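Chain letters run A, B, ... following the sequence lines, proteins first and then strands; every chain starts at 1. Quick caveat, the model's predicted, so the values are computed rather than measured.
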2 protein chains.
Amino acid sequence: MLISLDMTGDDPIYLQLRNEIVLGIASRRLQGGEGLPSVRQLAEDLGINAMTVNKAYTLLKEQGFIEIDRRQGAKVRVSTEAAPHFPGRWQQQLALLIAEGLARGMEKGELMKTCEQLFEILNQGEKTQ
Amino acid sequence: MLISLDMTGDDPIYLQLRNEIVLGIASRRLQGGEGLPSVRQLAEDLGINAMTVNKAYTLLKEQGFIEIDRRQGAKVRVSTEAAPHFPGRWQQQLALLIAEGLARGMEKGELMKTCEQLFEILNQGEKTQ
DNA sequence: TACTTGTATTATAGTTAGTAATACAACCGA
DNA sequence: TCGGTTGTATTACTAACTATAATACAAGTA
């Protein structure tokens, strides 16, 4: 999977990498059970430090998106066995985004349409830029 | 409007305050055109520094949620005159949250239902915790 | 045995975030 | 004009974060 990082942006590298992988899983460009590059390999490919990659992997592991086996390396967790109970944080963040839309005078239909479109784009495995 | 801050949490105070006000506007506990407390007044009420409040207000102003007049202080912007063009950042954040749901195996109906519920709760002006 | 895996440790440099104290210009009402 | 209000610019300081680097280690594989 192609991963692009913005080294000049505000978001830290490890977070960008984490997000890219989450987007990859959601769009099925990364299949469940699929192996991820080793931290050293990916670090070299991206031109960043291995510990930065490790930080992203650790985060993804803690959040239940991947599993890490010392033998086989990191691999994508199959979604069916993923943690069913979402962290309240997720819902809270979603509520805040919706509130921002509402506070700007967004209509319900408009918002739901946007959500649905974003879902479809991801679900069909297209690029999200 | 009652504002509760978590001084021990990870989120900075100014951001919590900013978010609380956005939620207040979305749920109409803060009406369009309604005046907000002065930075000093609110700072004293919350037991924080005035510049921290100012930082939240400045952020809200930059994002188009409030207007600030030196004479009258800060007041909620009426949503009809709010910036119609959303920042791409918003959509990007929403896409990431949806991706997290998808990556955890969330169904489309489940996600849409969650969005709709959050919208309704806000739109009816109830507390969001 | 040689090489791979993730990970822990330590160090370091740079940057940013967060809060605070203070002072100032603009404005308002009495 | 006089006090008191408003937002805000400036400055300062501490703490935390970010990224990198150099090692080192335990565990597993071929």
At the 4.0 Å heavy-atom cut-off to chain B, mark where contacts on DNA chain D begin and end, going 5' to 3'.
D/dT6 to D/dT10

Is B/Glu100 close to A/Phe65 at the side-chain level, that is, under 4.5 Å between some pair of heavy atoms?
yes

In whole Å, what is the span from the CD1 atom of B/Ile13 to the C1' atom of C/dA17?
12 Å

Once you round it to whole Å, what is the distance between C1' of C/dT4 and CD of A/Gln41?
12 Å

Expressed in angstrom and rounded to an integer, what is the separation of B/Glu44 atom CD from C/dA20 atom P?
14 Å

Nucleotide C/dG6, atom C1' - distance to CG of A/Leu42 in whole Å
14 Å

Tell me, yes or no, whether the heavy-atom count around A/Lys75 atom NZ, taken from other residues, nucleotides or ligands under 6.0 Å, exceeds 12.
no

For A/Leu102 versus B/Ala26, what's the shortest heavy-atom pair and its separation?
CB-CB, 3.9 Å

Interatomic distance, A/Asp10 CG vs C/dA17 C1' [rounded to whole Å]
13 Å

For A/Ile68 and C/dT5, give me the distance from atom CD1 to atom C1', rounded to whole Å.
11 Å

Taking every non-hydrogen atom, the tightest pair across A/Ala95 and B/Leu23
O-CD2, 4.4 Å

Between A/Met51 (CE) and C/dT12 (P), how many Å, whole number?
17 Å

Side chains of A/Asp11 and A/Asp6 in contact at under 4.5 Å (non-hydrogen atoms)
no

Between B/Arg40 and B/Ser38: side-chain donor-acceptor atoms closer than 3.5 Å
no

Rounded to the nearest Å, what distance is computed from the CZ atom of residue A/Arg40 to the C1' atom of nucleotide C/dT4?
8 Å

On DNA chain D, does the nearest nucleotide to A/Asp69 precede the nearest nucleotide to A/Pro12 from the 5' side, or the other way round? Give the residue.
A/Pro12

C/dA21 OP1/OP2 closer than 4.0 Å to side-chain N/O of B/Asn49:
yes

